[in-house]
Amino acid sequence: MKRRSLLTLSLTTIVAVSALASCEPPQPGQNATSSSGKKVLTMITSPEYPPYEYYDTASGERKIVGFDIDIANKIASDLGYELKINESDFNGLIPALQAKRADFVIAGMTPTPERRKNVDFSTVYYEAKNTIIAPKTSNLKTTKDLAGKTVGVQLGSIQEGDAKKIAEKVPGMKIKQLNKVPDLIQEIKAKRIDAAIVEDTVAKGFTDASTDLVFNVIPSEGPSGSAVAFPKGSPLVADFNKVLEKMKASGEIKTLAAKWFATSAPPSPSPSPSGSMSPSPSKAP
Ligand code: ARG
């Protein structure tokens with residue numbers, strides 16, 4: 001009797017699971033269709049990176065907004081897709097593409113030779129520089145100043161790799177990796193780390209919001225800038241590049257850069273010329 005009910009139960013489970021499986025929406029890349037009849041493109045991002053992608057809570061509803069999101073929306077609509085946005089820690093974005101859990105990543109991601117082994121990239125749509133963020137009073141402005149200091153970086157970012165290269169040249173520099181950029185800022189404020197390496201446009205936003213912090217641009221240790229990432233061999237790369245080229249030629253990228261990167265008040269002036277506050281939208285390729 002017991003055995004029969006167990007059998008019935010497991011049969012029911014099998015039926016239920018396969019029923020569920022058959023209702024499962026098609027995987028990204030298989031062009032699921034939305035209720036509006038449009039094909040759906042699934043992107044994945046790490047929304048803790050203002051002004052590229054972050055949760056806008058000001059409007060009352062929790063919504064992912066930013067420079068990258070405007071670009072993704074424009075590309076999707078130009079190509080006739082509806083856009084679905086998923087999220088992950090930055091470190092999980094490339095694995096998500098490799099597992100085909102998304103059609104593309106837009107996350108201020110820099111195309112590096114290392115990443116190119118696992119994913120394909122669009123052309124670069126925006127250039128960036130690395131900076132040191134530190135308390136104003138600490139005078140940590142150049143990489144040499146980081147000797148003996150603990151420096152935070154986002155786990156899996158190019159800044160992590162760049163910090164490792166800097167640490168080879170700077171005696172006693174220690175590195176602390178964290179998942180989210182806002183956590184790096186918190187750690188500096190709590191004095192658990194001395195500084196963080198963060199890219200210029202993002203650093204500007206955080207230092208504008210915390211006037212006790214400043215940032216100073218440092219020389220680049222490798223590739224920089226942002227591109228869209230795709231699973232290897234994705235047919236979307238060419239389509240995205242066409243729209244990106246059009247957006248560059250029409251000045252639309254520059255307009256979006258001005259909208260997202262130039263809105264906040266400049267942080268208090270830094271005496272060093274390396275403390276350039278401008279994300280130089282004009283340098284966008
Ligand atoms: N550009 C850097 C990189 O590719 C950092 C990007 C971080 N993006 C983010 N959404 N947290 O590694």
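First listed ligand is number 1; within each ligand, the first listed atom is number 1.
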Enumerate the atoms of ligand 1 whose separation from the nearest heavy atom of Q154 is less than 4.0 angstrom. 7 (C), 9 (C), 11 (N)
Please find the pair of heavy atoms, one from A102 and one from L97, that lie closest to each other, and give the distance. O-CD2, 3.6 Å
Are more than 12 heavy atoms, taken from residues, nucleotides or ligands other than K144, located less than 6.0 Å from that residue's NZ atom? no
Can you check whether I158 has an N/O within less than 3.5 Å of an N/O in ligand 1? yes
Is there side-chain contact between K169 and T143, with at least one heavy-atom pair below 4.5 Å? no
Please check whether T45 reaches ligand 1 - meaning an N/O of the residue sits under 3.5 Å from an N/O of the ligand, judged on distance alone. no
Residue pair L213 / K189: nearest heavy atoms and the distance that separates them: CD1-CE, 4.3 Å
Would you say CD of E114 has more than 12 non-hydrogen atoms from neighbouring residues, nucleotides or ligands within 6.0 angstrom? no
Do ligand 1 and S157 have nitrogen or oxygen atoms that lie under 3.5 Å from each other? no
Starting from atom 11 (N) of ligand 1, locate the nearest protein heavy atom and write down its residue, its atom name and how far away it is, to 0.1 Å. E48 OE2, 2.6 Å
N/O of Y49 under 3.5 Å from N/O of ligand 1, yes or no? no
Say whether T45 and Y52, considering side chains only, have a donor N or O and an acceptor N or O under 3.5 Å apart. no
Sub-4.0 Å heavy-atom approach of Y52 to ligand 1: no
Proximity winner for atom 4 (O) of ligand 1, if only heavy atoms of R115, E53, Q159 are counted: R115
Per-atom contacts of ligand 1 with A107, taking only distances under 4.0 Å to non-hydrogen atoms: 6 (C), 7 (C), 8 (N), 9 (C), 10 (N)
For G156 and ligand 1, does the shortest N/O to N/O distance drop below 3.5 Å? no
Is the shortest distance from a Lys or Arg side-chain nitrogen in E160 or K164 to a carboxylate oxygen in the other one below 4.0 Å? yes
N/O of G108 under 3.5 Å from N/O of ligand 1, yes or no? yes
Have T123 and E245 got a donor and an acceptor in their side chains that come within less than 3.5 Å? yes
Heavy-atom contacts with E199 under 4.0 Å: which atoms of ligand 1 show up? List them by number with element. 1 (N), 2 (C), 5 (C)
